[in-house]
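Let me begin by presenting the structure, written as structure tokens, before commenting on it.
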Amino acid sequence: MKQLIFLLMCFASFGSKAQTDLPLGLWIDNAERILRAQTSASVLKMNINKAEYQRDFTLLVLTDDRNDTQKVMVRMLGPALWRGNMTLKIDDRISFFEPRNKRTTIMSSSMLASSWMGSHFSNDDLMRETDLARHYSYEAKEAWQKDARNYHLIELTPQPSAPVVWAKVLYRLYIDNDRVFPEQVTYYRRKEDKHPERTLTYSEVKNMDGMLVPTVMEMRVSDKPQEFTRMHYQKIKFNTDLAASKFSEQAFL
């Protein structure tokens, strides 16, 4: 049902000739799901580089998009001080678990834009509450070829009443051998802004579990250009039969 609604929204938002000719929403959806597939199990390193501190985390990330109830689980594997901390999303419900005091906290919508563990990624980024393909309309801005790849720059504008933070998003992707790869996403607080508030880049495409995927994601904020948070995927397994118990609050214990 969600897929049908998504497709209808894509076609409804294609107002210009360029939008009618290009499946922009589907491209964005494919690019956003490149590291998730139907299900995914990933181990990655997160490096936070700020003027005040540097932190390194090892994370286990599970995703399940097999049905209408989207599920995401992030478990911290290290360092020891944070081991066992978990963030769980089941549809629109997001909860945190702290093993030291065995406390579970339900995240309010006001916390979505907050930093995840002091990084430059927000809770929304990791939990994928905002769906760029569903919550935004699209307009093709530029297209070009380089190294046998077809590149596209797409401007995203929020749908009316969409629960989103960013008033404009510029999404740069490319198509290689009929697959869509994300390359850079820039986020603007206001539509009229000339400079983005932050920039996400994808790089280091490698073969992981039989699929070519970007293995590095890096977020930078414009007002602190020397700072960044980098996520480097170490292992990924796609389309495994993840048990429902992996995405339950019972898994916290």
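Keep in mind that the numbers below use all heavy atoms, side chains included, and drop hydrogens, waters and symmetry copies. Starting from 1, each residue takes its place in the sequence as its number.
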Determine yes or no for a side-chain-to-main-chain donor-acceptor pair under 3.5 angstrom, with [X] supplying the side chain and [Y] the backbone.
X	Y	result
Asp147	Arg149	no
Asp91	Gln70	no
Ser122	Ala113	no
Thr186	Thr199	no
Ser248	Ser245	yes
Thr63	Thr39	no
Asn207	Gly210	yes
Tyr174	Arg179	no
Asp209	Phe238	yes

Could you go through the side-chain hydrogen bond (donor to acceptor under 3.5 Å, both in side chains) check for Gln38 and Asn239 one step at a time? CA-CA 5 Å; Gln38 289 297 302; Asn239 300 321; 5.8 Å; no

If you count the non-hydrogen atoms of other residues, nucleotides and ligands that lie under 6.0 Å from [atom1] in [X], is the total more than 12?
X	atom1	answer
Glu192	CD	yes
Asn101	CG	yes
Asn177	CG	no
Lys168	NZ	yes

So which heavy atom on [X] is nearest to which on [Y], and how close?
X	Y	value
Ile34	Pro182	CG2-CD, 3.9 Å
Leu126	Val72	O-CG1, 3.8 Å
Phe181	Leu212	CE2-O, 3.4 Å
Pro158	Ala167	CD-O, 3.2 Å
Pro99	Gly84	CG-C, 3.7 Å
Lys191	Glu155	NZ-OE2, 2.8 Å

May I ask you to test the [X]-[Y] pair for a side-chain heavy-atom distance under 4.5 Å?
X	Y	value
Leu156	Leu132	yes
Thr58	Val43	yes
Leu170	Val185	no
Glu218	Phe228	yes
Gln184	Leu200	no
Arg220	Asn49	no
Glu139	Thr157	no
Ile48	Phe57	yes

Is [X] salt-bridged to [Y], cutoff N-O under 4.0 Å?
X	Y	answer
Arg190	Glu197	no
Lys50	Glu227	no
Asp56	Lys45	no
Arg172	Glu142	no
Asp29	Arg33	yes
Asp125	Arg198	yes
Asp241	Arg66	yes

Looking just at side-chain N and O atoms, do Thr215 and Lys206 make a donor-acceptor pair shorter than 3.5 Å? no

Donor + acceptor pair across side chains of Glu32, Tyr171 (<3.5 Å): yes

Enter the distance from [X]:[atom1] to [Y]:[atom2] here, rounded to the nearest 0.5 Å.
X	Y	atom1	atom2	value
Thr229	Arg55	OG1	CZ	10.0 Å
Leu62	Lys71	CG	NZ	11.5 Å
Leu59	Met86	CG	CE	12.0 Å
Arg103	Ser95	CZ	OG	13.0 Å
Arg230	Phe121	CZ	CZ	10.5 Å
His120	Met231	NE2	CE	13.0 Å

Could you give me the CA-CA distance, side-chain angles and deciding distance for Tyr233 and Val61, then say whether side-chain contact (heavy atoms from CB on, under 4.5 Å) is met? CA-CA 10 Å; Tyr233 284 77; Val61 180; 5.9 Å; no

Please determine whether side-chain contact (heavy atoms from CB on, under 4.5 Å) holds for the pair His232 and Leu44, giving the CA-CA distance in whole Å, both sets of side-chain angles, and the decisive distance to 0.1 Å. CA-CA 5 Å; His232 191 170; Leu44 57 92; 6.0 Å; no

Which residues pass the ring-ring contact (aromatic ring centres under 6.0 Å, His included) test with Tyr187, sequence neighbours left out? Trp166

Mind checking whether [X] and [Y] sit in one hydrophobic cluster, side chains of I, L, V, M, F, W, Y counted as touching below 4.5 Å?
X	Y	result
Ile175	Trp144	yes
Tyr202	Val216	no
Ile106	Met117	no
Tyr188	Val221	no

Stepwise side-chain contact (heavy atoms from CB on, under 4.5 Å) test for Leu173 and Ile154: CA-CA 8 Å; Leu173 54 81; Ile154 303 168; 4.0 Å; yes

Between Arg75 and Met73, is a side-chain contact (heavy atoms from CB on, under 4.5 Å) present by the stated rule, with each step listed? CA-CA 6 Å; Arg75 180 193 289 270; Met73 190 277 289; 3.6 Å; yes

Which residue in the set Val169, Asp131, Ile28 passes side chain to side chain contact (heavy atoms under 4.5 Å, CB included) when paired with Tyr136? Val169

Not counting sequence neighbours, which residues clear side-chain hydrogen bond (donor to acceptor under 3.5 Å, both in side chains) with Trp116? List them please. Thr87

